[in-house]
Amino acid sequence: MIRKAKMDDVRIIHGLLMNRQEHDGLVLPRSFSQLYSHLRDFFVVVEDDKVVGCCALNIIWDDLAEIRSLVVLPEYRGRKFGRKLLEAALSEAVTLGIYTVYTLTEQTGFFAHLGFEQTAMDGLNQKVWADCLNCTRFPDLCNEVAMVLHL
Ligand SMILES: CC(C)(COP(=O)(O)OP(=O)(O)OC[C@H]1O[C@@H](n2cnc3c(N)ncnc32)[C@H](O)[C@@H]1OP(=O)(O)O)[C@@H](O)C(=O)NCCC(=O)NCCS
């Protein structure tokens with residue numbers, strides 16, 4: 001089941017994003033403070049009575065949102081949970097009136113399969129760069145590619 005995240009999920013989401021073994025370092029860790037203030041961005045997937053994945057839709061500007069923090073526990077991958085989480089976030093973007101969604105990712109195959117296209121960072125809002133400037137991986141440790149989907 002996919003649902004919006006609740007306060008009770010925060011520690012589990014934090015664990016999903018902090019545990020490098022679970023995502024091979026492909027998602028950025030988030031502090032509890034960031035998770036509390038962005039809790040409403042998050043969807044979770046519940047299976048076997050536990051949260052096994054998450055995904056966030058972060059609003060950037062009036063016409064742009066970012067897909068962030070998409071992780072499914074390794075033992076639950078390949079069961080469409082990643083797709084369903086992403087689709088829930090995209091559906092929310094449309095409900096909000098946002099029709100362009102991007103992600104910064106090393107998982108280009110997954111996102112391309114679901115309709116995203118590679119794009120130049122320069123084409124995105126300047127706020128994206130502001131986030132990059134504050135990232136611990138910027139610039140030398142970053143291998144992420146910008147991908148965009150027009151809904
Ligand atoms: C990326 C991730 C979320 C995918 O989750 P998942 O639940 O295994 O993916 P799904 O089962 O929903 O796959 C959905 C579709 O994408 C395809 N797909 C999955 N991974 C793919 C890849 N690397 N390349 C191409 N296609 C891929 C699947 O075959 C499936 O296709 P279908 O629906 O047409 O049958 C998961 O692998 C993960 O948590 N990875 C580590 C963290 C990460 O890299 N997150 C993204 C950072 S932005």
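Worth saying up front: this structure is predicted, and the values here are computed from it rather than measured. This chain uses plain numbering: 1 for the first residue, then up along the sequence. Both counts, for ligands and for their atoms, begin at 1 and track the order of listing.
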* Which ligand 1 atoms does Thr105 reach within 4.0 Å, using its non-hydrogen atoms? -> 47 (C), 48 (S)
* Asked: Backbone, side chain, both or neither: what part of Gln107 comes under 4.0 angstrom of ligand 1, heavy atoms only?
  -> side chain
* Hey, could you give me each pair passing side-chain hydrogen bond (donor to acceptor under 3.5 Å, both in side chains) that has a residue in residues 139-151? Not counting sequence neighbours. => Thr100-His150
* Asked: Any idea which of Lys80, Glu66, Arg77 brings a heavy atom closest to atom 10 (P) of ligand 1?
  -> Lys80
* Does any non-hydrogen side-chain atom of Ser69 lie less than 4.5 Å from one of Val27? -> no
* Sub-4.0 Å atoms of ligand 1 with respect to non-hydrogen atoms of Arg79 -> 11 (O)
* Asked: For ligand 1, which atoms, with element, lie under 4.0 Å from some heavy atom of Gly78?
  -> 6 (P), 7 (O), 8 (O), 11 (O)
* Structure fact -> Gly82 heavy atoms within 4.0 Å reach ligand 1 at atoms 5 (O), 6 (P), 7 (O), 12 (O)
* Between the candidates Gly109, Cys55, Ala112, which shows the shortest non-hydrogen contact distance to atom 26 (N) of ligand 1? -> Gly109
* To the nearest 0.5 Å, tell me how far Leu114 CG sits from Leu149 CG. => 9.0 Å
* Does Leu70, backbone or side chain, put an N or O under 3.5 Å from an N or O of ligand 1? -> yes
* **Note: Asp41-Arg30 ion pair, threshold 4.0 Å (strictly below)** => no
* Asked: Do any N/O atoms on Leu26 end up under 3.5 angstrom from N/O atoms on ligand 1?
  -> no
* Asked: If you draw a 6.0 Å radius around CD in Gln126, do more than 12 non-hydrogen atoms from other residues or ligands fall strictly inside?
  -> no
* Asked: Against heavy atoms of Phe81, which atoms of ligand 1 measure under 4.0 Å?
  -> 7 (O), 12 (O)
* Is there at least one pair of N or O atoms, one from Lys84 and one from ligand 1, spaced under 3.5 Å apart? -> no
* **Heavy-atom closest pair, residues Ile13 and Cys54** => CG2-SG, 4.0 Å
* Taking the minimum heavy-atom distance to atom 47 (C) of ligand 1, which of Leu85, Val71, Val27, Val72 ranks first? -> Val27
* Asked: Would you call Asp131 and Arg68 a salt bridge, using N to O less than 4.0 angstrom?
  -> yes
* Using heavy-atom distances, let me know which of His113, Met147, Arg83, Glu144 sits nearest atom 17 (C) of ligand 1. => His113
* Check: Ser91 side chain, Glu87 main-chain N or O, donor-acceptor pair, under 3.5 Å -> no
* Any nitrogen or oxygen of Phe110, main chain or side chain, under 3.5 Å from a nitrogen or oxygen of ligand 1? -> yes
* Hey, is NZ on Lys4 packed in by over 12 heavy atoms from elsewhere, all under 6.0 Å? -> yes
